[in-house]
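Computed from a prediction, not measured in an experiment: that's the story for all the values here. Values reported hereafter were calculated over all heavy atoms of this structure, with side chains retained and with hydrogens, waters and symmetry mates removed.
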Amino acid sequence: MERERISVAVLGATGSVGQQFVTLLANHPWFRLTSLLASPRSAGKPYREAVRWLQPDDLPQEAGDLMVGTAGQPLSESLVFSALDAEVAGEIEADYARQGKLVVSNARNHRMVPHVPLLIPEVNPGHLELIEPGKGGIVTNPNCSTIGLALALKPLHDAFGVARVHVTTLQAVSGAGYPGVPSLDILDNVVPFISGEEEKMETEPRKILGQLSGGQVHPAEVLLSAQCTRVPVLDGHTECVSVLCHQEPGLAQAEEAISGFQPPEEVAGLPSAPKSPLLLLPQGGVPQPRLHRGSERGMRVTVGRLRACPVQHLRFVLVAHNTLRGAAGGALLCGELALARGKVPGVEPGWTPARI
Ligand code: NAP
């Protein structure tokens with residue numbers, strides 16, 4: 001029997017993140033991909049001709065046959081995933097939200113808007129209550145480096161209260177989209193600047209770890225200092241983190257907090273949720289992007305080298321997949337939580353995952 005699924009559209013479907021959406025939606029148990037949109041350059045062609053397909057999996061047949069539309073054109077779907085370039089995402093996403101659609105965005109434009117949830121389902125699912133049922137709106141997926149960092153900080157923040165964070169990132173080239181950083185800049189090299197990235201990492205975790213009360217998010221009192229670099233790795237961002245807490249954690253307590261971290265039950269049961277969102281490796285020399293970015297379908301953040309820090313309390317290294325956990329996979333998880341919480345307009349209130 002054909003399962004009843006919710007029709008969804010993808011904006012920016014031809015880009016790096018858009019292609020991950022297409023791959024992940026091909027066999028999604030709750031969502032059916034029915035519209036693909038991109039720039040006027042790609043519109044009017046079947047997706048298989050419009051896209052320069054760069055995924056290791058074959059282009060899904062059904063998606064390949066879809067005709068690409070222009071982002072901004074009228075849509076029948078009430079749930080829209082956006083992988084649009086930030087240069088154009090702001091207005092286009094806001095227009096769809098005004099039309100009563102729920103837009104789950106990967107772009108930076110609306111992340112810090114007070115009534116817009118900046119969501120990591122395992123970390124701050126309650127922030128989704130900023131969205132009124134039936135009205136549509138915008139839900140944002142944090143910056144790809146912020147997601148890994150905020151997930152790793154969450155258990156430490158809950159247990160000891162994180163006060164200060166220093167983070168240095170080693171970010172993959174796929175984070176810059178396609179064609180991205182010129183090969184002559186990145187091969188045999190490290191580029192110690194990514195435009196706008198440090199500002200995002202220094203502000204977004206405060207909102208994500210903040211408390212929702214009185215209809216607004218009160219940012220967490222955490223001071224962050226970020227240095228972001230681009231390195232010649234294809235996928236998977238590495239982050240070297242040191243943390244000072246309000247209450248000094250012993251190493252064993254910190255290990256216990258990270259390895260015992262479990263998301264709320266409503267999130268753990270979602271189709272894109274990893275079995276455990278954080279893995280703490282005890283052995284030395286890891287995590288590494290090539291070995292660990294694919295952990296749990298690219299949805300798990302791997303932490304290692306947890307040890308005492310002579311300057312702050314703790315230090316560790318993490319690896320997170322930037323286009324999966326940090327973009328399309330994380331956004332799908334946000335969409336799944338929104339659907340489960342009745343935030344997708346036009347979906348009858350009685351719809352529950354149990355019906356499929
Ligand atoms: P990308 O490869 O450059 O893809 C950009 C997409 O936007 C393409 O589908 C492109 O369509 C479309 N687009 C560009 N100009 C447009 C216009 N004028 N009108 C309509 N559509 C237009 O970028 P990406 O890496 O996939 O990133 C997509 C978004 O996700 C960005 O906002 C980025 O900051 C964010 N993000 C990326 C990552 C990552 O790891 N890559 C992680 C987290 C968040 P055409 O092909 O037709 O030009």
Without hydrogens or angle criteria, can the side chains of [X] and [Y] be said to hold a donor-acceptor pair below 3.5 Å?
X      : Y      : answer
Ser174 : Asn322 : yes
Arg300 : Ser295 : yes
Asn143 : Glu197 : yes
His218 : Ser213 : yes

- Query: With clusters built from Ile, Leu, Val, Met, Phe, Trp and Tyr whose side-chain heavy atoms come within less than 4.5 Å, directly or transitively, what are the remaining members of the cluster of Ile92, listed by chain and number?
  - Reply: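 Taking Ile, Leu, Val, Met, Phe, Trp and Tyr as members, Ile92 shares its hydrophobic cluster with Leu11, Leu37, Leu75, Val80, Leu84, Val88, Tyr96, Val103, Val113, Val116, Ile138.
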Using atom types as modelled and distance alone, determine if a side-chain donor or acceptor of [X] lies under 3.5 Å from a backbone N or O of [Y].
X      : Y      : value
Gln312 : Ser242 : yes
Asn124 : His127 : no
Ser42  : Ala38  : no

- Query: Where is the tightest heavy-atom contact between Thr169 and Met201, given as atom of each residue plus distance?
  - Reply: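 The answer is CG2-SD, 3.6 Å.
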- Task: Please report the shortest heavy-atom distance between Pro121 and Leu337, naming the atom on each side.
- Result: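 Looking at all heavy atoms of both residues, the shortest contact is CB-CD2, 4.0 Å.
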- How far does OG of Ser145 sit from CD of Glu204, to the nearest 0.5 angstrom?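 Ser145 atom OG to Glu204 atom CD measures 9.5 Å (nearest 0.5 Å).
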With a 4.0 Å cut-off, would you call [X] and [Y] a salt bridge?
X      : Y      : result
Glu49  : Lys45  : no
Lys101 : Glu77  : no
Glu221 : Arg206 : no
Glu122 : Arg325 : yes
Arg341 : Glu266 : yes
Glu129 : Lys343 : yes

- Message: According to side chain to side chain donor-acceptor pair (under 3.5 Å), who are the partners of Glu255, at least two apart in sequence or on a separate chain?
- Response: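 None.
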- Query: Which class fits the ring pair His28 and Phe31: parallel under 30°, tilted 30 to 60°, perpendicular over 60°?
  - Reply: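 Parallel, since the angle between the ring planes stays under 30°.
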- Query: Angle class for the Phe21/Phe81 ring planes (parallel below 30°, perpendicular above 60°, tilted otherwise)?
  - Reply: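 Geometry flag for Phe81 against Phe21: tilted rings.
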